Amino acid sequence: MLEIEVLPSSAGSAVIERVTALVNQVYAESEKGLWQGSTDRTSVDEVAAFVRAGEIAVALVDGDVAGSVRIQRLDDTTGEFGMLAADPARRGLGIGRDLVTFAERTSREAGCREMQLELLVPREWTHPAKQFLAEWYDRLGYRVTHRADLAEDYPHLAPSLATPCDFLIYRKELA
Ligand SMILES: CC(C)(COP(=O)(O)OP(=O)(O)OC[C@H]1O[C@@H](n2cnc3c(N)ncnc32)[C@H](O)[C@@H]1OP(=O)(O)O)[C@@H](O)C(=O)NCCC(=O)NCCS
């Protein structure tokens with residue numbers, strides 16, 4: 001059975017370590033070729049801070065963490081989700097879609113009227129995982145509202161890039 005819940009601030013180190021490992025595992029694949037060296041997407045300390053802020057939701061399959069997402073509030077009317085990850089061994093079961101639906105529902109209930117997400121894509125070649133995400137987010141109703149050179153938006157990240165990348169912001173109205 002699939003259940004989605006926000007981790008309580010009292011969550012233990014085992015679940016924090018599991019979320020950290022899952023995010024780093026899936027991003028190592030989905031951002032392959034974008035960064036120089038083996039750049040982890042996140043760390044136990046960062047995930048622990050997000051958990052304390054009530055920002056991490058997990059998908060549990062029979063009690064086991066099978067996916068996660070970070071949900072934030074950007075301002076009074078805008079929610080954002082990021083660090084979306086589903087266990088590669090359980091892909092295609094609806095875990096990713098249910099996590100996005102959960103992020104949208106909880107943001108709407110908190111008074112948000114718009115949802116936002118960010119996507120990094122290589123500019124000169126097509127990355128299959130990014131192509132999948134772009135098409136999927138489009139099917140979910142997200143539209144690109146901002147496209148820029150990552151090196152311009154985040155100059156401090158430029159030296160770590162292995163290839164020129166565009167930074168995209170997608171938005172969707174929450175009905
Ligand atoms: C994005 C991600 C979370 C999706 O997780 P998932 O649980 O496999 O996704 P779902 O089962 O909910 O399927 C999502 C959609 O993809 C489709 N899909 C799933 N697996 C597929 C496959 N092998 N081939 C084609 N389509 C597939 C589903 O039909 C579904 O489409 P729909 O919502 O229009 O019906 C997962 O691929 C992932 O962890 N990716 C790496 C991390 C990442 O890139 N995160 C986002 C950064 S912005």
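As a basis for the values below, the full set of heavy atoms in this structure was taken, side chains included, without hydrogen atoms, waters or symmetry mates. Every number for a ligand or one of its atoms is a count from 1 in the order of the listing. This is a predicted model, so every value here is computed, not measured. Each residue takes its place number in the sequence, starting with 1.
One finds the CZ atom of R108 at 13.5 Å from the CZ atom of R113 (value rounded to the nearest 0.5 Å). Separation of atoms CD1 (I71) and CD (E104) is listed at 10.0 Å; rounding is to 0.5 Å.
Residue pairs meeting the ring-ring contact (aromatic ring centres under 6.0 Å, His included) criterion with at least one partner in residues 103-131, sequence neighbours excluded, are W125-H127.
Taking the six-membered ring where the residue is Trp, F132 and W136 present parallel rings, their angle staying beneath 30° rather than reaching 60°.
A distance limit of 4.0 angstrom between heavy atoms and ligand 1 selects the residues V26, Y27, S30, L84, A85, A86, R91, G92, L93, G94, I95, G96, R97, E118, L119, F132, L133, W136, Y137, R139.
Remark: the D98 side chain and the T101 side chain contain no N/O donor-acceptor pair separated by less than 3.5 Å.
Using modelled atom types, one side-chain atom of Q36 and one backbone atom of P159 make a donor-acceptor pair closer than 3.5 Å.
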